[in-house]
Amino acid sequence: MLKKTYDFKEVEKKWQRFWEKEGVFKFDPKSSKPIFSIDTPPPTISGKMHLGHAFSYSHFDFVARYQRMKGKNVLCPFGTDDNGLATIRLVEKLNGVKGTEMSREAFTKLVLRTLEEIRPKYIKDWKSIGMSCDFSIYYTTINEHCQRISQWSFIDLYKKGRIYRKRTPFLWCPECQTSIAQVELKDEEKESKFVYMRFDTSIGEPIVIATTRPELLPACVMVHVHPDDKRYRKFIGAKAKLPFFDREVDIIANRDVNPNFGSGAVYHCTFGDMDDVEWMFKYGVKPIEILNKDGTLNENAGKYKGMTVRQARKAIIEDLKKEGRIVKIEPIKHAVHVHERCGAEIEILMTEQWFIKYLDIKDKLIEAGKKMKWFPPHMRARYDNWIEGLKWDWNISRQRKFGIPVPVWFCKKCGEPILPDEDDLPVDPTKDKPKKPCPKCGSRTFRPDPDVLDTWATSSLTPQIVAEMFRDQGLYNKIFPMSLRPQAHDIITFWLFNTVVKSQLHFGKNPWKDIMISGWALDPKGRKMSKSLGNIIEPQTIIKKYGADALRFWAASPKLGEDMPYQEKDIITGKKFVTKLWNASKFTTRHLKGYNHVKPEKLTEIDKWMLTKLNDLVRLATDAFEKYEFFKVKVETEKFFWHVFCDNYLEIIKPRLYNREKYAKYEILSAKYTLYTSLLTTLKLMAPITPHITEEIYQSYFRKKEGYKSIHISPWPEYDTSVVDRKAERAGDIAVDIIARVRKFKSENHMSLAQPIRRLVIASEEVRPVLQAMKDTLKADEIKIGKAKGFETELFKIQIYIEK
RNA sequence: GGGCCGGUAGUCUAGUGGUUAUGACGCUGCCCUUACGAGGCAGAGGUCCCCGGUUCAAACCCGGGCCGGCCCACCA
């Protein structure tokens, strides 16, 4: 017996505990069922789960639950990505410390301890939305297992000649004091000053140079003008004298210069931006390094030594003014590269870093992208677009206190890099020592590489991280390549791309077969949620108020890949659906008490109509799920359930249920069979989307009869051709059309629906098989087929006559 | 500037080359029908962004705009 009202608070918790205790979602390594492996995105532990998480994680949970019901051995692990900057920042904040001021060992200890404390609470958020992950297949990207794989990856790529170390100008964050990668850059519009300054030249006439970075003057190595620029032709080949510095630089012709921008003359400093680096290589000039790692100027900056970039900018402008070298200063707004994690303006510094070489295989990577199935397909364009725009190899070393160590020592004598044996992984070069002497010079003294690997260097290995857990059971090749990578569209260029790179470089294979890309949860006005806008909506608040099923129901609304503005009313719709499902189930199961589910020999026409509709829905929902189009499953099942099953079918069979004595035995059995099948099927179709309510109803009534421990491991409905009857379907459709018209008539005449009508004449032969059902449903004293005039139905344009 | 996506009722959204364009929320009226009032039934509400073209037929296909979003490149 179902209770009068549905208490989601109690029920959702109950089944979440049940699923966990009973291991309903456990991956079974011994099973012979086909494996469906999901490369679950490991969220960064950052305090709380946000709505975007709830949104996109729900999406692939729908898929996981569907595949499980389809009989697959679903491998849906859960990991957390906690070796990156976001984690460092959080730990610093929670403990009131600065990583840069602590020893690597002490800080690492603190991070790990803090993570242990906050992790369970964080993971709880994921459980509370009903994620059907196997939480026992857990990894954190900083644990030993991941360290081993990440360092193995480094060594393997090193051996393959794909990793190199180079001292080169590269992107540097002075705030975090580490190098970063191209993908970590973000553009920000900032107010700045465009300074026009006058340099003396060797031809006597001064040249005016415009720059936003006057503080880089000490690092000026050349002046560039466009060869066709008449104003400057005469300067080409001459030399410019730098103010305050006793140095002259060449003025050269360069077609990259835009004569219409600024003064048309550019001074080339090492390094203002990545173009300067390109020019440096192109023209073979020696860089002048003036920046320290903390963003202050060094001795090469002369009297500006020790100043920060901002201080130096101000001071140099003042000095130029004093010498009368400022022509004008224009305020401008321009895009500045900032570090996407901390927002600090990035600089370019000469440092030694490790790189993964991949610019040479761009074509191969684009080809690899074509070999995976993208859902929705157009998301592949972003992947291609990113690869086409790549300019630099992948910098994977970071100068941070916390992370997976770069597994390298350098020989103190000859400088040779020494890598550990794979069997010894993971290693921390700052603590461990190489086991053998330097193979090149035989020395036994080494210098550890103090750097760590970029977090993406590890998270790009999630398929290996998961598959390796099952290598001992011989399942590696069944899990990898994985069936599905689900993720949101914002990290196609990070996580997705990097994972493909690793998989291709290591194995020459793609990491997955399918890719499912989710959109974003936006605020009610369609804006991104952010702290600064103060428009953050927390999933936990929604769950408390409306329940996880309502939230998931909402998450299933958009087309795959589309963003979804959060509107409370949509959650309420989900809540209403849950209530409706509860009430209809209450009614249905009450009338199925003691019912023994067997298919009767004969079905009534109207029941055939119902079952035909039901089977069409099963087919549609199955096709949709195979294409990851869960929104179609939701929309169509909801429509069917509400309007076909509740509004019409239940009303149609009420007479049979309430006045059994008036009907033949088969008619009652037929009704019960149809009721049972329709409700159970509806529950199953909705189970992936609203897992709690469906489980509650299943457990309360169906479990004893069906036998499966949980609806979520019961079989997905099959299309049953034996009950599909197109003629009955048409008769039923027309009947429903007529019923609607009669209801309208009653509504227009202020009649209660329960109030009988005297006579109904229908001008359609096709409804003859369902005539009795209509008579009972409409409470008509008399019903017949014949010539009729009066009203016309909406859909089929059937003429009918109604007498009050 | 390049790429991709989108522009449908007050709001959010579905949609296929072909009757009267989907559903939800909101709104209006009726019904208090033994599952459900967080309900039921019914109703009002739309030049399907604009301009051209293809077609017997276009919200849908093509071209050109305009607007919004995301990703990328942005200039010293």
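Within every chain, numbering begins at 1; the chains are lettered A, B, ... in the order of the sequence lines, protein sequences first and strands thereafter. In what follows, every heavy atom counts, from backbone to side chain, and hydrogens, waters and symmetry copies are set aside.
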(request) Rounded to whole angstrom, note down the P distance from B:U22 over to B:G3. (result) 36 Å

(message) Tell me the interatomic distance from A:E568, atom CD, to B:A38, atom P, rounded to whole angstroms.
(response) 16 Å

(request) For nucleotides B:U19 and B:G10, find the distance between their C1' atoms and express it as a whole number of Å. (result) 29 Å

(message) So A:H224, base contact, sugar-phosphate only, or nothing? Heavy-atom distance under 4.0 Å.
(response) nothing

(request) Could you tell me if the ring centre of A:F577 sits under 6.0 Å from that of A:F641? (result) yes

(message) Between C1' on B:C75 and CD on A:E278, what's the gap in Å once rounded to a whole number?
(response) 12 Å

(request) Could you check which nucleotide pairs with B:G26 in any of the strands shown, counting Watson-Crick or G-U wobble with both distances under 3.5 Å? (result) none

(request) Using ring-ring contact (aromatic ring centres under 6.0 Å, His included) as the criterion, list what pairs up with A:F271, not counting sequence neighbours. (result) none

(request) Measure the distance from CG on A:L560 to P on B:G6 and round it to the nearest whole Å. (result) 13 Å

(message) Distance criterion of 3.5 Å, no angle test: do you see the side chain of A:K575 paired donor-to-acceptor with the base of B:A38?
(response) yes

(request) Identify the nucleotide, in any strand shown, that forms a Watson-Crick or G-U wobble pair with B:C60, with both distances under 3.5 Å; if there is none, say none. (result) none

(message) Rounded to whole Å, how long is the line connecting atom CD1 of A:I387 with atom P of B:A73?
(response) 14 Å

(request) Pick the C1' atom in B:C48 and in B:C12, then give their distance to the nearest Å. (result) 16 Å

(message) Can you classify the ring geometry of A:F645 versus A:Y649 as parallel (below 30°), tilted (30 to 60°) or perpendicular (above 60°)?
(response) parallel

(message) I want to check a possible cation-pi pair here: A:K575 against A:Y546, using under 6.0 Å from ring centre and within 45° of the ring axis as the test.
(response) no

(message) Can you tell me the base-pairing partner of B:U55? Count Watson-Crick or G-U wobble geometry only, both distances below 3.5 Å, and say none if there is no partner.
(response) none

(message) In whole Å, measure the gap between the P atoms of B:A44 and B:C30 for me.
(response) 16 Å

(message) In whole Å, measure the gap between the C1' atoms of B:G65 and B:G45 for me.
(response) 30 Å

(message) Quick check on RNA chain B: between A:I332 and A:I572, whose nearest nucleotide comes earlier from the 5' end?
(response) A:I572

(request) Would you kindly compare A:T211 and A:K4 by the position of their nearest RNA chain B nucleotide and give the one closer to the 5′ end? (result) A:K4

(request) Taking the six-membered ring for Trp and the single ring otherwise, decide whether the centroids of A:F8 and A:Y6 are under 6.0 Å apart. (result) no

(message) Looking only at the side chain of A:K391 (C-beta and beyond, no hydrogens), which of the listed nucleotides B:C75, B:A73, B:C12 gets closest?
(response) B:A73

(request) For the residue pair A:W520 and A:H489, categorise the inter-ring angle as parallel (less than 30°), tilted (30 to 60°) or perpendicular (more than 60°). (result) tilted

(message) Which nucleotide wins on minimum distance to the side chain of A:K559, given the candidates B:U34, B:G15, B:C12?
(response) B:G15

(message) So A:Q755, base contact, sugar-phosphate only, or nothing? Heavy-atom distance under 4.0 Å.
(response) nothing

(message) For a quick check of understanding: with a heavy-atom distance under 4.0 Å over all strands, which category does A:W554 fall into, base, sugar-phosphate or nothing?
(response) nothing

(request) Could you check whether the rings of A:F791 and A:F745 sit parallel, tilted or perpendicular, using 30° and 60° as the cut-offs? (result) perpendicular

(message) Under a 3.5 Å threshold, yes or no: a donor from one side chain and an acceptor from the other, between A:Y358 and A:N498?
(response) no

Where do N or O atoms of nucleotides 66-72 of chain B meet protein N or O atoms at under 3.5 Å, pair by pair?
residue	atom	partner	partner atom	Å
B:C70	O2'	A:R382	NH1	3.0

(request) Remember a base hit wins even if backbone is also touched, and classify A:K580 as base, sugar-phosphate or nothing at under 4.0 Å, heavy atoms. (result) base

(message) Using the rule side-chain contact (heavy atoms from CB on, under 4.5 Å), only one of A:T681, A:T682, A:L620 pairs with A:T637; which is it?
(response) A:T682

(message) Taking B:C31 as the reference, what is the distance to B:G15 when you measure between their C1' atoms (whole Å, please)?
(response) 33 Å

(request) Can you tell me the distance, in whole Å, between the CG atom of A:N583 and the C1' atom of B:G40? (result) 12 Å

(request) Name the nucleic acid region contacted by A:C269, choosing base, sugar-phosphate or nothing; use a 4.0 angstrom heavy-atom cut-off, strictly under. (result) nothing

(message) In whole Å, I'd like the distance from the NZ atom of A:K634 to the C1' atom of B:A14.
(response) 11 Å

(request) Using the P atom as the reference point in each nucleotide, state the distance between B:C25 and B:A38 in Å, no decimals. (result) 14 Å

(message) Could you tell me the Watson-Crick or G-U partner of B:G1, where both distances fall under 3.5 Å? Say none if there is no partner.
(response) B:C72

(message) Please classify the nucleic acid contact of A:D384 as base, sugar-phosphate, or nothing, using heavy-atom distances under 4.0 Å.
(response) nothing

(request) Take atom P in B:A57 and the same atom in B:G43, then report the distance between them in whole Å. (result) 33 Å

(message) In whole Å, I'd like the distance from the CG atom of A:D647 to the C1' atom of B:C36.
(response) 11 Å

(message) As a test of reading the structure: which of B:A38, B:G3, B:A42 is closest to the side chain of A:A740, going by heavy atoms?
(response) B:A42

Please list each protein N or O that sits under 3.5 Å from an N or O in nucleotides 24-32 of chain B, with the distance.
residue	atom	partner	partner atom	Å
B:A24	O2'	A:T573	OG1	3.0
B:G29	N2	A:S747	OG	3.3

(message) Can you measure A:E651 atom CD to B:C36 atom C1' for me and round it to whole angstrom units?
(response) 11 Å

(request) State whether a side-chain donor-acceptor pair under 3.5 Å links A:T690 with A:R552. (result) no

(message) Using a 4.0 Å heavy-atom cut-off, does A:E388 contact any base of the nucleic acid, only the sugar-phosphate backbone, or nothing at all?
(response) nothing

(request) In plain terms, say whether A:D384 and A:R380 are close enough for a salt bridge, that is, a side-chain N and a carboxylate O under 4.0 Å apart. (result) yes

(request) Check the angle between the aromatic planes of A:W392 and A:F170 and answer parallel, tilted or perpendicular using the 30° and 60° thresholds. (result) perpendicular

(request) Find the partner of B:C32: check Watson-Crick (N1-N3 plus N6-O4 or O6-N4) and G-U wobble (N1-O2, O6-N3) distances, both under 3.5 Å, and reply none if neither fits. (result) none

